[in-house]
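Below is one structure, written out as structure tokens, with a few remarks after it.
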Amino acid sequence: MRNLAHQNTPIGWDYLTPQSYLALAPGGRERPVAAIVHGDFAPPPRPWPQIHSHLPPLDGAARVEVLSSAAAATFEREDGFDLLLADDFMIAAGRFEEAGGESLAAGTERLYATLLRLIADRGYPHLLRLWNILERINREQDGLERYRHFCIGRHEAFARMRPDLAERYPAASAVGAGGGGLCVYLIAARSPGTPIENPNQVSAFRYPAQYGPRSPSFSRALVKQWGAHANLFISGTASITGHETQHAGDLAAQAERTADNLETLVRAAEQRSGTRFRLGDSGSMLKAYVRRAEDYPLVGDLVARRLGRDASVLYLRADICRAALLIEVDGVLFA
Ligand code: 3EB
């Protein structure tokens, strides 16, 4: 684990093959605190959250995204939620299966309310990073896109339980999968981070009503200082300038604009925090979400050319929360 020497923050990050995941030595210095399984692989139960993303890697081989820590950590389950408690942070994961009669907005609000209660009860109220994976995110349901139903439920939970987060949201991604209902997992901390916005984009929480009755509740990025080290959590970033989608239908131009936005965001985070982050070095753990499987490996060349060949980029087949977007990139940087 943590082959990368400069990942000195409390949470390490790696993309492993199923084989090397299964071979992880239980007595090692670094232990997993969460594993996100991408693709066709069903590991045996482990004492940490194992989350199935329903997002297959584009190269066809299953991959396990492993978050790790050198510190002692406790695994708990409560009401179907998986919790991992470490010194400085906790991880929580839950799923809304959409099996009963509950609407997507109501189920989203309930899932978020439970997650917010769990992190507050255990003393980690500061949300750093959220991942949302929503089955058939672009499908219309009761006259509204499912992503927009989700945004309503998330907004209601935040407004009701965490009014302190208005315009100071955590970093987040929201992407679409072929199954799995709504899967949400998060990192929360005992002390706060600093939300970052992209000066070339309208903040998502201020998007005009044409994008849905409730704006998306996330910040473009968040810097978390951990003593002398820091993480930059980068939200899902796409070909959007202002609030408008750019280059509909043009994969190469969207990839360029996405890289521009990532660079702008990293510069904004550096200015705000005084910490230097190196986008594209070997410590950049990125994920590229690609709508059309046939765009891989072209999209791999585009991303690698702009972000360098050293970055760890996991390419996943996913839907993106605006129908015209073909690619979105998120990730975490280490300083
Ligand atoms: C965008 O910039 C693209 O709803 O949590 C990116 C990252 C997007 C997170 C979310 C949505 C979300 O608006 C979509």
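Ile133 and Phe96 sit in two unconnected hydrophobic clusters of ILVMFWY residues. Membership requires side-chain heavy atoms under 4.5 Å apart, directly or through other members. Leu144 and Leu104 are members of different hydrophobic clusters when ILVMFWY side chains are connected at heavy-atom separations under 4.5 Å. When the side chains of ILVMFWY residues are joined at heavy-atom separations under 4.5 Å, either directly or via intervening members, Ile51 and Leu115 end up in two distinct hydrophobic clusters. Under a hydrophobic-cluster definition in which Ile, Leu, Val, Met, Phe, Trp and Tyr are linked whenever side-chain heavy atoms come within less than 4.5 Å, directly or via other members, Tyr185 and Phe233 are assigned to the same cluster. Clustering ILVMFWY residues whenever any of their side-chain heavy atoms sit less than 4.5 angstrom apart, transitively, puts Leu232 in the very cluster that holds Val313.
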- [ ] Walk me through it: do Trp48 and Phe75 pass the test ring-ring contact (aromatic ring centres under 6.0 Å, His included)?
- [x] CA-CA 6 Å; Trp48 54 79; Phe75 181 50; 8.3 Å; no

TODO: Evaluate the criterion side-chain hydrogen bond (donor to acceptor under 3.5 Å, both in side chains) for residue pair Lys224 and Ser191; output intermediate values, then yes/no.
DONE: CA-CA 9 Å; Lys224 177 61 185 164; Ser191 57; 2.7 Å; yes

Open item on the list: Show, in sequence, the C-alpha distance, side-chain angles and deciding distance for Asp330 and Leu286, and conclude whether the side chain to side chain contact (heavy atoms under 4.5 Å, CB included) test is met.
Closed with: CA-CA 6 Å; Asp330 72 10; Leu286 304 177; over 6 Å; no

- [ ] Mind running side-chain hydrogen bond (donor to acceptor under 3.5 Å, both in side chains) on Arg129 and Ser173 for me, showing each step along the way?
- [x] CA-CA 9 Å; Arg129 195 14 168 139; Ser173 305; 2.9 Å; yes

TODO: Could you please spell out the steps behind the side chain to side chain contact (heavy atoms under 4.5 Å, CB included) verdict for His155 and Glu109?
DONE: CA-CA 8 Å; His155 176 94; Glu109 181 177 350; over 6 Å; no

Open item on the list: For Leu134 and Leu182: C-alpha separation, side-chain torsions, deciding distance, then whether side chain to side chain contact (heavy atoms under 4.5 Å, CB included) applies.
Closed with: CA-CA 5 Å; Leu134 176 57; Leu182 171 63; 4.1 Å; yes

Task: Worked verdict on Val33 versus Arg31 for side chain to side chain contact (heavy atoms under 4.5 Å, CB included) - done: CA-CA 6 Å; Val33 290; Arg31 270 157 306 182; over 6 Å; no

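Ion pairing between a basic and an acidic side chain is recognised when a charged N comes within 4.0 Å of a carboxylate O; Arg117 and Asp121 show such pairing. Salt bridge status for Glu256 with Arg305: present, with a side-chain N to carboxylate O gap under 4.0 Å. Using a 4.0 Å cut-off between a side-chain N of Lys or Arg and a carboxylate O of Asp or Glu, Glu145 and Arg148 qualify as a salt bridge. Salt bridge Glu102/Arg110: present, at least one basic N to carboxylate O contact under 4.0 Å. Look at Asp87 and Arg190 and you find no salt bridge, because none of the NZ, NE, NH1 or NH2 atoms lies under 4.0 Å from a carboxylate O. Electrostatic pairing of Arg291 and Glu328 does not count as a salt bridge here, judged by no charged N lying under 4.0 Å from a carboxylate O. Taking a cutoff of 4.0 Å between a charged side-chain nitrogen and a carboxylate oxygen, Arg146 and Glu135 do not qualify as a salt bridge.
Ring centroid separation for the pair Phe218 and Phe205 does not come in under the 6.0 Å cut-off.
Looking only at distances, a side-chain donor or acceptor of Ser235 sits under 3.5 Å from a matching main-chain atom of Ala172. Proximity of a side-chain donor or acceptor of Asn8 to a complementary backbone N or O of His229 within less than 3.5 Å is not detected. Checking side-chain atoms of Tyr211 against main-chain N and O of His243 turns up a donor-acceptor pair under 3.5 Å. At distances below 3.5 Å, at least one donor-acceptor pair connects side-chain atoms of Glu270 with backbone N or O atoms of Phe277. Side-chain N or O atoms of Glu78 include none that pairs as donor or acceptor with a backbone N or O of Leu118 at under 3.5 Å. Within the 3.5 Å criterion, the main-chain N or O of Arg206 finds no donor-acceptor partner in the side chain of Ser203. Looking only at distances, no side-chain donor or acceptor of Asp295 sits under 3.5 Å from a matching main-chain atom of Leu298. With Arg154 contributing its side chain and Pro216 its backbone, the two residues share no donor-acceptor pair below 3.5 Å. Between the Gln141 side chain and the Arg139 main chain, no donor and acceptor come within less than 3.5 Å of each other. A side-chain donor-acceptor contact under 3.5 Å links Arg136 to the backbone of Gly178.
Taking both residues in full, the closest heavy atoms of Ser282 and Ser312 are given as O-OG, 4.0 Å, listed atom of the first, atom of the second, then distance. The two residues Tyr315 and Ala304 come nearest to each other via the heavy atoms OH-N, 4.3 Å. Nearest heavy atoms, Ile91 versus Ala34: CD1-CB, 3.9 Å. When every heavy atom of Ser284 is checked against every heavy atom of Arg278, the shortest pair comes out as OG-O, 3.1 Å. Between Ala293 and Leu58, the shortest heavy-atom distance links the atoms CA-CD2, 3.7 Å. Closest heavy-atom contact between Ser53 and Ala177: O-CB, 4.0 Å.
Asn198 pairs with exactly one of Asn261, Thr237, Thr264 by the side chain to side chain donor-acceptor pair (under 3.5 Å) rule, that one being Asn261. Of the candidates Leu326, Leu325, Ile320, Asp319, Arg322 forms a side-chain contact (heavy atoms from CB on, under 4.5 Å) with just one, namely Leu325. Of the listed residues (Val266, Val332, Ile196, Val329), just one forms a side-chain contact (heavy atoms from CB on, under 4.5 Å) with Ile234, and that residue is Val266.
Enclosure of atom CG in Asp59 by more than 12 non-hydrogen atoms of other residues, nucleotides or ligands within 6.0 angstrom is indicated. Remark: Gln19 CD is loosely packed, at most 12 non-hydrogen atoms of other residues, nucleotides or ligands lying under 6.0 Å away. When the shell of 6.0 Å around CZ of Arg272 is examined, it contains 12 or fewer heavy atoms from other residues, nucleotides or ligands. Within a 6.0 Å sphere centred on CZ of Arg168, other residues, nucleotides and ligands contribute 12 heavy atoms or fewer.
Once rounded to the nearest 0.5 Å, the distance linking CD1 of Ile11 with CG of Leu128 reads 7.0 Å. In this structure, the separation between CZ on Arg46 and CG on Leu24 is 7.5 Å, given to the nearest 0.5 Å. Here the straight-line distance linking atom CD of Gln254 with atom CD1 of Ile327 works out to 8.0 Å at 0.5 Å rounding.
Side-chain atoms of Ser239 and Gln246 form no donor-acceptor pair, as typed in the model, at a separation below 3.5 Å. For the residue pair Tyr21 and Gln50, a side-chain donor N or O sits within less than 3.5 Å of a side-chain acceptor on the partner. Looking at Glu30 and Ser68, their side chains do bring a donor and an acceptor atom within 3.5 Å of each other.
Relative orientation of the Phe89 and Trp226 rings is perpendicular, given thresholds of 30° and 60° on the angle between their planes.
Side-chain contact check for Val175 versus Asn132: every heavy-atom pair is 4.5 Å or farther apart. No side-chain heavy atom of Tyr289 sits under 4.5 Å from any side-chain heavy atom of Val299. Contact of the Asp260 side chain with the Asn200 side chain is not registered, since no non-hydrogen atoms from C-beta on lie closer than 4.5 Å.
At least one cation-pi condition fails for Arg63 and Tyr15: the charged atom is not both under 6.0 angstrom from the six-membered ring centre and inside a 45 degree cone around its axis. Relative to the six-membered ring of Tyr147, Arg214 misses at least one condition, a distance below 6.0 Å or an angle of at most 45° to the axis.
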